Amino acid sequence: MTTCLHALSLPFLPMPSSPPVITRFAPSPTGHLHIGGARTALFCWAYAKRHNGSFLLRIEDTDQKRSSEAASRGILEDLAWLGIDWDEGPVFKRENADGTVNTPPTTLGGNPREIGSFYQSERRDIYDTYINWLVERDLAYPAFDTPEELTVRRQLAEKEKRTFVYRRAADYNRDAVLSRMNAGEPCPIRFKMPGTPISFTDEVLGEITVSADELDDFVIRKADGFPTYHFAVVIDDELMGTTHIMRGQEHLNNTPRHIALMKALVNQTTNQPFRIPKFAHLTVIANQDNSKMSKRDRDKAARAKCRELNIKAVTDVSAKAGTKPLPHFDALPPGDFEQWLGDKTRQLETHALEDLATAIGVELPEIAVDDFRRSGYLPEAVLNYIALLGWNPGEKGPDGKDLERFDTAYLVEKFSFDRVGKSASKFDRAKLIAFNQDAIAKLTDDQFLSRWEIWATRDDRETLGRVGVSRLRLVVGAIKGRCRTLKDVRSLVSFAMIDDGAYAFNAKDVEKHLKADDGAGFETLRALAPKLQALPAFDVASIDALLDAHATQTGLGMGKIAQPLRVAVTGAAVSPPLGATLAILGRDSSLARIRRCIDAQA
RNA sequence: GGCCCCGUCGUCUAGCCUGGUCCAGGACACCACCCUUUCACGGUGGACACGCGGGUUCGAAUCCCGCCGGGGUCACCA
């Protein structure tokens with residue numbers, strides 16, 4: 001009550017009674033941000049925003065072997081691209097603000113509460129302090145079993161159909177073990193599990209109980225001196241004030257261990273017991289075939305295609321590639337590719353894999369956020385789609401239908417745990433594409449052009465160079481509505497990327513639209529060419545008007561006029577609206593192409 | 001295999017807590033038709049689901065039990 005009165009009398013001070021919501025996303029930097037991780041981050045972000053709290057980012061790089069700085073940076077970029085801004089965490093300067101959803105601060109992260117570093121590898125002295133504290137009280141202890149011994153015991157347990165649960169040996173000699181440790185012999189430290197069952201309430205799954213005999217004396221510090229995930233996560237969440245932990249369901253079974261640790265520990269600064277945050281475990285996102293979505297799926301797809309094409313060696317790939325350059329693939333160490341072919345657990349270097357994919361003509365499935373970015377998806381579409389994977393607002397839109405299309409502002413306004421689903425969901429690319437197509441259609445022409453330019457600068461330099469933004473602007477109205485992804489611009493304007501004398505004619509289309517009726521199509525071309533030549537302005541509107549007028553004068557149907565022209569200038573019967581098609585080619589190219597068609601095909 | 005979690009159209013899901021308004025609603029994909037200078041967009045319509053078996057009840061997608069199915073996890077990875 002006192003607090004309330006205080007709050008009333010001092011309205012400019014925050015209420016001290018209810019601590020602010022603090023959520024965190026804590027990826028391990030072993031690669032680009034996985035789409036499932038992005039959903040977790042999104043929900044953490046939305047929950048913090050919803051409650052005017054703070055969303056922090058922490059890099060869990062306690063695995064020296066697998067973590068890399070490049071991966072850390074990549075994850076920051078991925079989150080920033082999505083528009084999931086972190087209030088605290090590694091500092092990141094944003095570029096290309098126009099490519100993201102939210103109007104953003106240009107600098108993300110920071111350390112306003114002085115709780116960093118946000119890299120666990122830089123916090124080892126903190127973990128050691130707590131570990132020593134536990135060891136002194138015999139709540140944790142050094143263990144000198146070799147990995148080999150443990151493997152043997154595990155296998156034995158498996159043979160006897162028991163679960164292997166590590167327990168401190170009955171004849172454990174604390175003094176002896178401690179002196180070995182103090183003498184500097186490397187060894188892992190294990191936490192001594194209290195022999196009691198542990199229950200907690202998961203915000204999405206409900207009541208969870210794990211019995212004592214399922215819980216082992218798990219390792220909290222590895223022999224290399226680094227804490228394990230289990231330990232570092234508990235210490236950091238306390239020290240950083242995390243109030244709500246959202247994470248993947250693969251951590252559900254770890255939660256009792258973490259809670260046991262929390263109950264054993266005391267915050268050395270405040271001298272208070274660790275606070276136990278709320279937990280929310282999110283279901284996994286799977287492929288259509290129910291397999292877990294994994295980075296390896298990309299290798300799998302490429303390997304399958306190789307088998308289909310009977311590719312057995314690097315030379316077979318070069319043969320398929322023809323003149324296409326494969327710089328990264330060619331840079332692979334000798335024998336690497338052949339080994340990869342035969343080993344399902346191997347992954348090819350990212351860019352080499354992409355070279356391979358273009359060479360053999362296979363689409364790699366997008367798995368990481370960055371894959372989606374490079375495939376030409378818009379962040380707002382990705383965000384909307386993944387938000388719906390496991391959460392829904394349970395609301396009808398103005399049209400009376402279930403509301404599905406929304407932005408992050410709406411998510412923030414509505415997000416709550418009780419509408420997060422409990423069942424695993426499959427990733428449906430077709431639906432994502434539909435969302436993306438709609439998101440693109442909603443862009444203004446200028447926005448579209450600007451988004452495309454940013455994207456193409458990184459991912460389609462060829463189209464950017466050969467067509468360019470200024471020519472694309474001529475036909476943006478016609479192109480935009482046909483793009484499922486930004487990548488589609490390329491195929492939509494591909495006819496304009498080939499030299500006037502080099503595009504191929506589709507025989508069937510030539511037959512149907514030009515040669516039929518004793519070459520009526522060619523007559524149309526001959527009649528139209530001088531009119532196009534004489535047109536004062538060669539833009540979409542003028543061309544369309546000319547075509548209309550010609551149709552009226554001749555009494556021919558539009559189909560009889562447009563299709564021959566289309567085949568003449570593009571080689572086939574499919575292209576953007578004809579006015580746009582001619583406009584992007586320009587007058588000279590259009591006429592040259594018509595002439596070439598008459599000469600070559602008549 | 002032990003433990004934990006989950007189970008509504010092909011897919012994402014609404015409905016389940018607080019049984020009847022549900023012979024189950026929406027979205028994506030699919031099919032048909034319409035519009036149309038091609039392709040697409042758009043419009044209209046269609047097909048498609050409560051895993052199975054018991055119970056409780058006048059009445060169950062909704063409550064209870066069993067079975068089956070799927071997933072997760074059992075590391076000095078996270």
Side-chain angles (χ1 to χ4, degrees), chain A residues 26-28 30 60-63 65-67 143 145-147 150-151 154 157-158 160-166 186-190 202 205-206 208-211 213-214 216 218-224 226 228-230 232-233 247-256 281 283-284 286 288 290 292 385 388-397 399-405 418 421-435 437 441 478 481-484 492 509 513 544 547-548 551 557-563 565-567 570 572-579 581:
Chain A
S28 69
T30 57
E60 309 221 323
D61 55 352
T62 54
D63 185 344
K65 288 184 278 293
R66 298 199 309 159
S67 301
D145 320 77
T146 64
L150 291 172
T151 310
R154 249 178 227 116
E158 196 180 333
E160 292 173 357
K161 301 203 170 191
R162 300 180 284 113
T163 311
F164 174 65
V165 177
Y166 187 98
C187 65
I189 307 288
R190 287 178 181 269
D202 188 276
L205 264 13
I208 311 277
T209 302
V210 176
S211 69
D213 50 321
E214 292 295 322
D216 62 342
F218 60 101
V219 172
I220 56 177
R221 186 171 70 195
K222 297 174 263 184
D224 67 5
F226 279 79
T228 58
Y229 159 77
H230 302 301
V233 77
R247 47 164 45 155
Q249 222 177 42
E250 65 268 23
H251 290 299
L252 187 62
N253 293 301
N254 295 144
T255 306
H281 287 93
T283 59
V284 286
Q288 290 296 317
N290 248 337
K292 196 173 173 182
Y385 178 71
L388 234 26
L389 229 45
W391 180 82
N392 81 83
E395 238 181 22
K396 304 247 183 254
D399 56 0
K401 294 176 175 178
D402 293 1
L403 191 79
E404 278 202 330
R405 310 302 176 96
D418 56 9
K422 297 178 176 189
S423 54
S425 40
K426 290 174 192 163
F427 198 87
D428 184 3
R429 286 193 166 66
K431 187 153 179 169
L432 205 213
I433 286 175
F435 275 48
Q437 193 165 4
R482 286 148 204 261
C483 284
R484 289 142 52 98
L492 254 14
D509 290 336
H513 298 293
D544 283 343
L547 261 26
D548 272 340
M558 202 36 125
K560 297 283 181 202
I561 296 169
Q563 286 306 75
L565 240 191
R566 193 187 309 275
V567 174
T570 69
V574 177
S575 85
L578 200 50
T581 301

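Below, read A as the first sequence line, B as the second, and so on, with proteins coming before strands; counting in each chain starts at 1. This structure is a prediction, so every number in the text was calculated from the model and none was measured.
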**For the student: nearest non-hydrogen atoms of Val219(A) and Pro188(A), plus distance** = CG1-CB, 4.0 Å
**Asked** What integer distance in Å separates Asp213(A):CG from C4(B):P?
**Response** 10 Å
**Message:** Looking at Asn254(A) and A78(B), is any side-chain donor or acceptor paired with a base atom of the opposite kind under 3.5 Å?
**Reply:** yes
**Item:** Between C76(B) (C1') and Tyr166(A) (OH): distance, integer Å
**Value:** 11 Å
**Item:** Contact under 4.0 Å: Arg154(A) side-chain N or O vs G1(B) OP1/OP2
**Value:** no
**Message:** Quick check on C3(B): is either OP1 or OP2 less than 4.0 Å from any side-chain nitrogen or oxygen of Lys161(A)?
**Reply:** no
**Prompt:** Starting at CG of Leu403(A) and ending at C1' of G26(B), how long is that distance when rounded to a whole Å?
**Reply:** 11 Å
**Request:** Please state how far atom CG in Leu432(A) lies from atom P in A29(B), giving the value in whole angstrom units.
**Result:** 12 Å
**Request:** Would you mind classifying the nucleic acid contact of Gly390(A) as base, sugar-phosphate or nothing, using non-hydrogen atoms under 4.0 angstrom?
**Result:** sugar-phosphate
**Asked** Taking a pair as Watson-Crick or G-U wobble with both distances under 3.5 Å, which nucleotide is matched to C3(B)?
**Response** G72(B)
**Fill in**
Pro147(A) has its side chain closest, among C77(B), C76(B), U11(B), to C76(B)
**Asked** Does the side chain of Thr228(A) get closer than 4.0 angstrom to OP1 or OP2 of A78(B) through an N or O atom?
**Response** no
**Request:** Ignoring backbone atoms, test whether Lys422(A) places a side-chain nitrogen or oxygen under 4.0 Å from the OP1 or OP2 oxygen of C5(B).
**Result:** no
**Request:** Return the set of residues passing side chain to side chain contact (heavy atoms under 4.5 Å, CB included) with Val165(A) (not counting sequence neighbours), or none when no residue passes.
**Result:** Arg167(A), Asp216(A)
**Between C1' of A14(B) and CG of Leu388(A), the distance in whole Å** = 11 Å
**Prompt:** Toward the 5' end of RNA chain B, which comes first, Lys426(A) or Asp224(A), by nearest nucleotide?
**Reply:** Lys426(A)
**Complete:** CG of Leu578(A) to CG of Asp544(A), rounded to nearest 0.5 Å, is 7.5 Å
**Prompt:** Across the strands shown, which category fits Thr62(A) at heavy-atom distances under 4.0 angstrom: base, sugar-phosphate, nothing?
**Reply:** sugar-phosphate
**nucleotides 64-72 of chain B: protein proximity per nucleotide (B base, S sugar-phosphate only, - neither; heavy atom, under 4.0 Å)** = ------SSB
**Asked** Does some side-chain heavy atom of Leu432(A) sit less than 4.5 Å from a side-chain heavy atom of Phe427(A)?
**Response** yes
**Request:** For G72(B) and C50(B), measure between their C1' atoms and round to the nearest Å.
**Result:** 25 Å
**Prompt:** Looking for any heavy atom pair under 4.0 Å, which part of the strands does Arg162(A) touch: base, sugar-phosphate only, or nothing?
**Reply:** nothing
**Prompt:** Tell me, do Val233(A) and His251(A) make a side-chain contact under 4.5 Å, heavy atoms counted?
**Reply:** no
**Message:** A29(B), OP1 or OP2 - any side-chain N/O from Lys431(A) closer than 4.0 Å?
**Reply:** no
**Request:** Any chance you could measure His230(A), atom NE2, to Thr62(A), atom OG1, to the nearest 0.5 Å?
**Result:** 10.0 Å
**Prompt:** Under a 90° cut-off about 0 for the syn range, is C63(B) syn or anti?
**Reply:** anti
**Request:** When you get a sec, tell me which of G10(B), C5(B), A14(B) is the closest nucleotide to the side chain of Asp428(A)?
**Result:** G10(B)
**Asked** Looking at side-chain heavy atoms only, is the closest gap between Gln249(A) and Leu205(A) below 4.5 Å?
**Response** yes
**Request:** Encode nucleotides 32-52 of chain B as B, S and - characters from 5' to 3', where the letter depends on protein heavy atoms closer than 4.0 Å: B to the base, S only to sugar-phosphate, - to neither.
**Result:** -----BBBBS-----------
**Asked** Closest to the Thr163(A) side chain: C77(B), G25(B), G1(B)?
**Response** G1(B)
**Request:** Compare the minimum distances between each of U13(B), C28(B), A78(B) and the side chain of Ser425(A), then state the nucleotide with the smallest one.
**Result:** U13(B)
